[in-house]
Protein chains: 2
Amino acid sequence: MAMKRRAPKLYEARAAIAKALAHPTRLLVLDALRQKDMCVCELTELVGADQSTVSKHLAILKNTGLVEARKEGAMTYYSLTCPCLDGFFQCIESVLQKNLKEFRALVGR
Amino acid sequence: MAMKRRAPKLYEARAAIAKALAHPTRLLVLDALRQKDMCVCELTELVGADQSTVSKHLAILKNTGLVEARKEGAMTYYSLTCPCLDGFFQCIESVLQKNLKEFRALVGR
DNA sequence: GCCAACCATGGCGATATGGGCATAAAAGCA
DNA sequence: TGCTTTTATGCCCATATCGCCATGGTTGGC
């Protein structure tokens, strides 16, 4: 990682957050959590992967500060910490839409 | 990649875009391009890495539809395609601020 | 035509990421 | 106390990512 000239640390910190957002399973989880808090077993059911895999994805989101965990008996409930995610999702979606439109134009509708 | 249950393709498409955003050098480049279009040699100078490295980062951004390339003589100028990036940057920054605040609170200001 | 500048791409090695299995810790229940 | 459920974590392997070097194609100037 070279980056000799401009505030490398800041861009690395930002990239760390973006990285946490850059996985389909984690996006699915975040999207689901927008509706309601969920425990690991619910999310595991939703995602359809191994429980350990889901648990690790949640750890990543938590370490980045995107979600927080709350223990309730044997279960751990996860919830979003950031309303700001809307801006992120909208941006992504808008790029997606733009690409789709260009693709359609290319194929000829 | 399991993801048995919910619109996996859509989340993968979204993740692909997020992935392109998840690297410090690419964030730096995108940020710089918000000010003005720049050619590869300018961006190489800015980033401080090998020209080939910068070129590959630009290819990634281009393939994702986040920037576009315009040839001008021997040079290739890159420019942003999405005003929507603001929403993304704001989201990232807000997470960063939140983390920082919590960190400060933890240390005791 | 020839050379220099600019850019893209293939190759390669080092490191990071992601997935499941196995396991251990903690809680609830009989 | 035993047994089950719920999570988290270590381990291992497969794959992806990233960086530089080397190279080749293009363009512009001489």
Side-chain angles (χ1 to χ4, degrees), chain A residues 1-5 8 11-30 32-33 37-64 66-79, chain B residues 1-5 8 11-30 32-33 37-64 66-79:
Chain A
M1 214 79 67
M3 186 95 50
K4 289 166 195 150
R5 304 180 187 270
Y11 284 101
E12 276 169 31
R14 288 171 177 163
I17 296 175
K19 237 190 238 184
L21 293 166
H23 191 286
T25 296
R26 294 196 286 269
L27 289 182
L28 172 59
V29 166
L30 289 172
L33 292 181
D37 299 1
M38 295 175 84
C39 65
V40 179
C41 60
E42 287 176 290
L43 290 168
T44 298
E45 167 70 11
L46 171 72
V47 168
D50 195 272
Q51 175 268 321
S52 69
T53 299
V54 175
S55 213
K56 283 177 195 171
H57 282 301
L58 289 167
I60 290 171
L61 293 175
K62 187 176 138 199
N63 289 335
T64 323
L66 289 165
V67 303
E68 60 186 12
R70 162 182 99 250
K71 291 219 68 167
E72 245 172 64
M75 294 173 296
T76 308
Y77 279 86
Y78 282 85
S79 56
Chain B
M1 212 79 66
M3 187 93 50
K4 289 170 196 147
R5 304 181 188 271
Y11 285 100
E12 277 168 29
R14 287 170 177 164
I17 297 174
K19 239 190 236 181
L21 294 165
H23 190 286
T25 296
R26 294 196 286 270
L27 289 182
L28 171 60
V29 166
L30 289 172
L33 291 181
D37 299 359
M38 296 176 83
C39 65
V40 180
C41 60
E42 286 176 293
L43 290 168
T44 298
E45 168 71 11
L46 171 71
V47 169
D50 195 273
Q51 174 268 320
S52 69
T53 300
V54 176
S55 214
K56 281 179 192 174
H57 282 302
L58 288 168
I60 290 171
L61 292 174
K62 189 176 137 200
N63 290 334
T64 323
L66 288 165
V67 304
E68 60 187 13
R70 162 183 98 250
K71 292 219 65 167
E72 245 174 64
M75 293 172 297
T76 308
Y77 279 86
Y78 282 85
S79 56

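Just so you know, these numbers use all the heavy atoms, side chains as well, and skip hydrogens, waters and symmetry mates.
Between the CD atom of B/Q51 and the C1' atom of C/dG10 there is a distance of 14 Å, rounded to whole Å. The separation between A/I60 atom CD1 and C/dA16 atom P is 14 Å, rounded to whole Å. Atoms CE (B/M75) and C1' (C/dA8) sit 16 Å apart, rounded to a whole Å. The CD-C1' distance, from A/E42 to D/dT7, rounds to 14 Å in whole Å. For the pair B/Y77 OH and D/dT27 P, the interatomic distance rounds to 16 Å; values are reported in whole Å. In this structure, B/L43 atom CG and C/dA5 atom P are separated by 20 Å, rounded to whole Å. Rounded to an integer number of Å, the gap from CZ of A/R26 to C1' of C/dG19 is 12 Å. One atom, CD of A/E45, and another, P of D/dT5, lie 15 Å apart when rounded to the nearest Å.
Map A/K19 and B/A74 each onto its nearest nucleotide of DNA chain C; the residue landing nearer the 5' end is B/A74.
Distances shown here put a side-chain N or O of B/T53 below 4.0 Å from the OP1 or OP2 atom of D/dC20. Side-chain nitrogen and oxygen atoms of B/S52 include none within less than 4.0 Å of the OP1 or OP2 phosphate oxygen of D/dA22. Between D/dT7 and A/H57, no contact under 4.0 Å exists linking OP1 or OP2 to a side-chain N or O. Here B/K71 does not reach the OP1 or OP2 of C/dC6: none of its side-chain N or O atoms lies under 4.0 Å away.
Of all heavy-atom pairs spanning B/Y78 and B/A69, the tightest one is CE2-CB, 3.7 Å. Heavy-atom minimum distance, A/H23 versus B/A15: C-CB, 3.8 Å.
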Candidate pair B/T64 and B/L21, rule side chain to side chain contact (heavy atoms under 4.5 Å, CB included), full reasoning
CA-CA 10 Å; B/T64 323; B/L21 294 165; over 6 Å; no
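Taking A/E68 as the reference, nothing meets the salt bridge (charged side-chain N to carboxylate O under 4.0 Å, His left out) condition, with sequence neighbours excluded.
Residue A/T76 is classed as a sugar-phosphate contact, given heavy-atom separations below 4.0 Å to backbone atoms only. Counting non-hydrogen atoms under 4.0 angstrom, B/K56 reaches a base of the nucleic acid. As judged by a 4.0 angstrom heavy-atom cut-off over every strand, A/Y78 is placed among residues touching the sugar-phosphate backbone only. At a threshold of 4.0 angstrom between heavy atoms, the contacts of A/K62 with the nucleic acid are absent.
Side-chain contact between B/D37 and B/R70 is present, with at least one heavy-atom pair separated by less than 4.5 Å.
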